[in-house]
Amino acid sequence: MHIDFLQSPVVVARSLIGWTLLVNGVGGVIVETEAYDMDDEASHSFRGMTARNAAMFGEPGTAYVYRSYGLHWCLNLVCGPSGHGAAVLVRALEPTNGIDTMQQRRGVQALRLLTTGPGRVAQALGVDRSLDGLPLDRPPFALSPPGVARAVSIGVRVGITKAADRPWRFAMTGSAHLSRKL
DNA sequence: CTTTCGATGATCT
DNA sequence: GATCATCGAAAGG
């Protein structure tokens, strides 16, 4: 079983819910994602390729990492046809692997605060610019399929002002680890 | 419980 | 010079 990263970001974002994402063995189950596409005003790729978003136009199945608000990192999974400028933002995980490491990196104990939100996910998993453009199917990354099928809820994206009405946010129904209620 | 606001710096206009 | 795909602390109800 594998994710087909050639699919559209909406399809990939939906498919990723329930998969386990690890970086150097640390991480958890993906419970919240958002899709971003080229003809999407909210997307970094909307105005074409720049130095920052170059990885977004790279090979599907690679990482796009950017700095947010000058102090957080955010992790995206590039998808769509090569050079399409589409990606899925990983917004929240349910912590499962390397919890002690994540607690140290985050400086908090509560599982609830470890990986709920894109900035927190990146900090807990040790994601930074050095992973930008790297393939997701080999170390330090690891992606493994869900054990059991889970229901997925759909809503609008978070923290954007443009194209804010697109229902491009996906979450595991009933998860206690969402960045915001869906 | 909810809302507001400061931090902080790369990126783009 | 303005804008941010955020977080956390503080203030207000």
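Reminder, nothing fancy here: chain letters follow the sequence lines and each chain counts from 1. Just so it is clear, the values below take in all heavy atoms, side chains as well, and ignore hydrogens, waters and symmetry mates.
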Do A/Leu6 and A/Val10 sit in the same hydrophobic cluster, where Ile, Leu, Val, Met, Phe, Trp and Tyr count as joined when their side-chain heavy atoms come under 4.5 Å apart? no
Starting the side chain at C-beta, find the nucleotide from C/dT6, B/dT8, C/dG8 nearest to A/Leu71. B/dT8
For the side-chain contact (heavy atoms from CB on, under 4.5 Å) test, which of A/Val127, A/Asp132, A/Val88 pairs with A/Leu75? A/Val127
Distance check: side-chain N/O of A/Lys162 vs OP1/OP2 of C/dT3, anything under 4.0 Å? no
Measure from the side-chain heavy atoms of A/Thr161 and tell me the nearest of C/dT6, C/dC4, C/dA5. C/dC4
Looking only at side-chain N and O atoms, does A/Arg129 come under 4.0 Å of OP1 or OP2 in B/dA10? no
Got a sec? Which of residues 44-53 of chain A come in under 4.0 Å of DNA chain C, heavy atoms? A/His44
List in numerical order all residues of residues 106-114 of chain A for which some heavy atom is under 4.0 Å away from an atom belonging to DNA chain C. A/Arg106
For C/dT6 and A/Arg67 - does any side-chain N or O of the residue sit under 4.0 Å from the phosphate oxygens OP1/OP2? no
Expressed as a whole number of angstroms, how long is the span from A/Tyr66:OH to C/dA5:P? 6 Å
Using the rule side-chain contact (heavy atoms from CB on, under 4.5 Å), only one of A/Tyr64, A/Trp168, A/Tyr36 pairs with A/Leu89; which is it? A/Tyr36
For a stem of at least 3 consecutive Watson-Crick or G-U pairs with distances under 3.5 Å, i pairing with j, i+1 with j-1 and so on, which stems involve DNA chain C? B:1-7 with C:6-12, B:9-12 with C:1-4
Atom CD of A/Glu32 and atom P of C/dA5 are separated, to the nearest Å, by 16 Å
Could you tell me the separation between the CZ atom of A/Arg157 and the P atom of C/dC4, rounded to a whole number of Å? 13 Å
